[in-house]
Q: 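Quick one: the structure is below, and I'll ask about it shortly.
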Protein chains: 2
Amino acid sequence: MSALRHAILGLLARGAHTGYAIAKQMDRPLSYFWQARHSQIYPQLEAMTRDRLIEPTTIPGPGPRPTKEYRLTEAGREVLLAWLISPLPPLQAGRDDFQLRIWSAWLLSRDQVVALVRQRRALVAERLAEYESTMTGVGAGDDLSLDDPLFAEWMSLQAGKGYEEHRLRWCDQMLTRLGANT
Amino acid sequence: MSALRHAILGLLARGAHTGYAIAKQMDRPLSYFWQARHSQIYPQLEAMTRDRLIEPTTIPGPGPRPTKEYRLTEAGREVLLAWLISPLPPLQAGRDDFQLRIWSAWLLSRDQVVALVRQRRALVAERLAEYESTMTGVGAGDDLSLDDPLFAEWMSLQAGKGYEEHRLRWCDQMLTRLGANT
DNA sequence: AAGCACATGTAAACAGTTACATGATTAA
DNA sequence: TTAATCATGTAACTGTTTACATGTGCTT
């Protein structure tokens, strides 16, 4: 199951959409959602229909081909739910599976969301510790010369560490909002 | 010119490396650098050699095939520098061109780094404004029910907004360190 | 009448992952 | 002697982008 499938399932769980509407949501990268072009989405909708995760109904619309509105099948909803509560993959660069799951967190119970965020928090804390131990080896930033490769590395590490700190704070904020202690 | 090429050029600007050493650096995602597997790197090194951006010298080493150490050519250095000072592409999801450039910022003058970070800051500030205007439409988070899709959207938007705030703070920190006012 | 948003698709190229394949050197 | 690390490559597959292709309905 690819991330794109999960993104589409997450969108359709909120209601029926045409391929065009899905493509429009995924075309602009705001709100931390998945990004994809319509040329990727239309074939994927075909494949998901074949796999009985979604089903189309033809509705009136413009253009040379029939306009189709897709909705989740029961199997589709089950696949989405199973993915939401499966163990998180390790942190990786680029596209973020966890962030995609959060978009569908409204389908889960409070306890399930808390468990998901706690898993995330553990992974982020681990990564943050790696950053901190790496950074003791690089130096203080103020002591480094601008034309020293270590200065550039320090800048990169500052960015990476700040990023993980943000993600950790977010987890803690959400756990507080959910009424769970960190 | 693909991002992978720029990543390899940035690494080789710091000194000669074997394909294996490059692959090792790029295999672990720490320090905000580019991620790639050796299966992507070896063919790319071939292609870059053909394009005269890098050149190999055979050195003694283990295994059935010759061990090659690559270094930048003058043309390679020029391509790297030209990329570093070219206008930043728009913010996109996933892999981050700017973060990759920062890794090679030690090759630039103070003024060039300041210009680069200011460009970034402008793009991030623009995005942050988009987040803020979107979030007024969603609501307060505390008022929303956990099983409301808007609650999940609020969580996503909180994460995205916090991310942009982090990037903005990073720009300001770096500009201060560089002795430039925001 | 021109231009834009709606709407769906395909083709070709490029990027990236996983798995296969080989073998020397070094340390436990 | 067994295992890890060094070292380089290819093949098959999956994912993503860019460009091509078509035509309606609404607004200016």
Side-chain angles (χ1 to χ4, degrees), chain A residues 1-9 11 16-29 33-51 54-70 89-97 100, chain B residues 1-9 11 16-29 33-51 54-70 89-97 100:
Chain A
M1 279 293 165
S2 69
L4 180 56
R5 285 200 164 197
H6 295 132
I8 291 172
L9 290 173
L11 258 178
H17 289 82
T18 62
Y20 183 85
I22 294 171
K24 217 175 65 171
Q25 284 262 333
M26 293 199 186
D27 207 33
R28 36 143 133 247
F33 194 61
W34 210 255
Q35 201 177 3
R37 314 265 173 227
H38 78 273
S39 57
Q40 215 185 338
I41 290 165
Y42 287 118
Q44 189 61 247
L45 289 170
E46 283 295 307
M48 290 169 79
T49 302
R50 278 198 302 278
D51 294 343
I54 58 177
E55 54 182 18
T57 37
T58 302
I59 59 167
R65 278 169 294 271
T67 299
K68 288 177 241 168
E69 198 175 55
Y70 291 91
L91 294 182
Q92 72 234 89
R95 313 285 248 267
D96 188 344
D97 188 83
L100 186 55
Chain B
M1 281 292 165
S2 70
L4 180 56
R5 286 199 161 197
H6 295 132
I8 291 173
L9 290 173
L11 258 178
H17 288 81
T18 63
Y20 184 83
I22 294 171
K24 218 175 66 172
Q25 283 263 335
M26 294 199 185
D27 208 32
R28 34 139 139 239
F33 194 62
W34 210 255
Q35 200 177 3
R37 314 265 174 226
H38 78 272
S39 58
Q40 215 184 338
I41 290 165
Y42 287 116
Q44 188 62 245
L45 288 170
E46 283 295 307
M48 289 168 78
T49 303
R50 277 198 303 278
D51 294 344
I54 58 177
E55 54 183 18
T57 38
T58 301
I59 58 167
R65 278 168 293 270
T67 298
K68 287 177 241 168
E69 198 176 54
Y70 291 92
L91 294 181
Q92 72 234 88
R95 312 287 247 269
D96 187 343
D97 187 84
L100 187 55

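Only this structure's heavy atoms are used, side chains among them; waters, hydrogens and symmetry mates stay out. Order of the sequence lines fixes the chain letters, A, B, ..., with proteins taken first and strands second; residue numbering starts at 1 for each chain.
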Q: Starting at atom CD1 of A:Ile41, determine the distance to atom P of C:dG9, rounded to an integer number of angstrom.
A: 12 Å
Q: As an exercise, state the distance from CD1 of B:Ile22 to NE2 of B:His17, rounded to the nearest 0.5 Å.
A: 7.0 Å
Q: Give the rounded distance in Å between these two atoms: OH of A:Tyr42 and C1' of D:dC20.
A: 15 Å
Q: Rounded to the nearest 0.5 Å, what separation is found between the OH atom of B:Tyr70 and the OG1 atom of B:Thr49?
A: 4.5 Å
Q: Give the nucleotide from the list D:dG9, C:dA7, C:dT22 with an atom nearest to the side chain of A:Thr18.
A: C:dA7
Q: Between CE of A:Met26 and CZ of A:Arg28, what distance do you get to the nearest 0.5 Å?
A: 13.0 Å
Q: Dump the pairs, protein N or O against N or O of nucleotides 2-6 of chain C, anything under 3.5 Å, distances to one decimal.
A:
unit_1	atom_1	unit_2	atom_2	d
C:dC6	OP2	A:Tyr20	OH	2.9

Q: Over how many whole Å does the gap from B:Tyr70 atom OH to D:dG9 atom P extend?
A: 6 Å
Q: Base, sugar-phosphate, or nothing for A:Gly19, non-hydrogen atoms under 4.0 angstrom?
A: sugar-phosphate
Q: Using whole Å, report how far CD of B:Gln92 lies from P of D:dT17.
A: 9 Å
Q: Quick one: B:Asp27 CG to D:dT8 C1', roughly how many Å, whole number?
A: 15 Å
Q: Go through D:dA7, D:dT8, C:dG9 for me and flag the one nearest to the A:Glu46 side chain.
A: C:dG9
Q: Atom CE of A:Met1 to atom C1' of D:dC13: distance rounded to whole Å?
A: 17 Å
Q: In Å, rounded to the nearest 0.5 Å, how long is the span from OG1 of B:Thr57 to NZ of B:Lys68?
A: 10.5 Å
Q: To the nearest 0.5 Å, tell me how far A:Glu46 CD sits from A:Asp51 CG.
A: 11.5 Å
Q: When you match B:Arg65 and A:Ala3 each to their closest nucleotide on DNA chain D, which lands nearer the 5' end?
A: B:Arg65
Q: Among residues at least two apart in sequence or on other chains, which ones pass ring-ring contact (aromatic ring centres under 6.0 Å, His included) with B:Tyr20?
A: none
Q: For the side chain of B:Arg95 and the backbone of B:Gln35, is there at least one donor-acceptor N/O pair under 3.5 Å apart?
A: yes
Q: In Å, rounded to the nearest 0.5 Å, how long is the span from NE2 of B:His38 to CG of B:Leu45?
A: 12.0 Å
Q: Mind calculating the distance between NE2 (B:His6) and C1' (C:dC14) to the nearest angstrom?
A: 15 Å
Q: Could you list the protein-to-nucleotides 16-18 of chain C atom pairs, N/O on both sides, closer than 3.5 Å?
A:
unit_1	atom_1	unit_2	atom_2	d
C:dG16	OP2	B:Gln40	NE2	2.8
C:dG16	O5'	B:Gln40	NE2	3.4
C:dT18	O4	B:Ser39	OG	2.5

Q: Work out which heavy atom in B:Ala3 is nearest to a heavy atom in B:Leu100; give both atom names and the distance.
A: O-CD2, 3.6 Å
Q: Nearest-Å distance, CD1 (B:Ile22) to C1' (D:dT8)?
A: 12 Å
